[in-house]
Amino acid sequence: WAVSPEERALEEAQEARKPEAQFKPWLFVQDGTGGGKSRSKDKAAVASQIESLAESLAIPTARVDKGVLNSLSGNRPHQGYVLRTRSFSAPSLSTLPSPSETSHKLYLALDEVVDPQNVGALLRSAHFLGPVPVLVCAKNSSPLGPVVSAASAGALEVTDVYEVGNLPRLLR
């Protein structure tokens, strides 16, 4: 039951609510999602936590039917929740900091990884390992969007990810 991307994005709400956001954040919840009889106690608790977090951050919530969520998510799996936020944009990096300037001794470099599911899986691994900062080639790589966020189970929102124009040059 993967609602971690929405939960992480809500926890990072200050970032999600920057003035340059294209849309005001909004949480869409499928009718019937919540503490109903069809949900286990754990799922009901997570659903309640997500909705309470959105309410505490003054993020509007709308209950909609499954068809609306399917449309909002591009017919991708949504687990009964869709959180509309700003687009994710990774800061660019032109030089690696020297080891004396940073605590990071390891970076994960992704060059031309085009499958968003693979990028998400690698972000989960990077988060588990440290967290380890991730360098993503700006060209010929999967965009860091909702599919990567879902595949990363929320790791995209909490891992340092940098876009790199020329990865081989940066790593020299």
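Keep in mind that what you see is a predicted model, and the values were worked out from it rather than measured.
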Can you name the residues that form a side-chain hydrogen bond (donor to acceptor under 3.5 Å, both in side chains) with Glu112, not counting sequence neighbours?
none

Could you check if a side-chain atom of Gln117 sits within less than 4.5 angstrom of a side-chain atom of Val147, using non-hydrogen atoms only?
yes

Provide the full list of side-chain hydrogen bond (donor to acceptor under 3.5 Å, both in side chains) pairs with a residue in residues 162-172, sequence neighbours left out, each pair given once.
none

Quick check: does any side chain N or O of Ser56 sit under 3.5 Å from a backbone N or O of Leu53, one acting as donor and the other as acceptor?
yes

Do Val119 and Asp115 touch side chain to side chain, with heavy atoms closer than 4.5 Å?
no

Is Gln30 close to Tyr81 at the side-chain level, that is, under 4.5 Å between some pair of heavy atoms?
no

Hydrophobic clustering (ILVMFWY, side-chain heavy atoms < 4.5 Å, transitive) - are Val164 and Tyr107 grouped together?
yes

Without hydrogens or angle criteria, can the side chains of Ser149 and Glu157 be said to hold a donor-acceptor pair below 3.5 Å?
yes

Checking the side chain of Arg124 only, and the main-chain atoms of Ala153 only, is there a donor and an acceptor separated by less than 3.5 Å?
no

Hydrophobic clusters here meaning ILVMFWY residues chained together by side-chain heavy-atom distances under 4.5 Å, can you tell me if Phe128 and Val134 are in one?
yes

Single-linkage hydrophobic cluster Leu96~Leu108, side-chain heavy atoms < 4.5 angstrom
no

Do the non-hydrogen side-chain atoms of Leu135 and Leu110 ever get within less than 4.5 Å of each other?
no

Would a single hydrophobic cluster contain both Leu106 and Leu170, if residues Ile, Leu, Val, Met, Phe, Trp and Tyr are joined by side-chain heavy-atom contacts under 4.5 Å?
no

Are the side chains of Val29 and Glu51 in touch, meaning some heavy atoms are under 4.5 Å apart?
yes

If you group Ile, Leu, Val, Met, Phe, Trp and Tyr by side-chain heavy-atom gaps below 4.5 Å, do Val113 and Leu129 land in one group?
yes

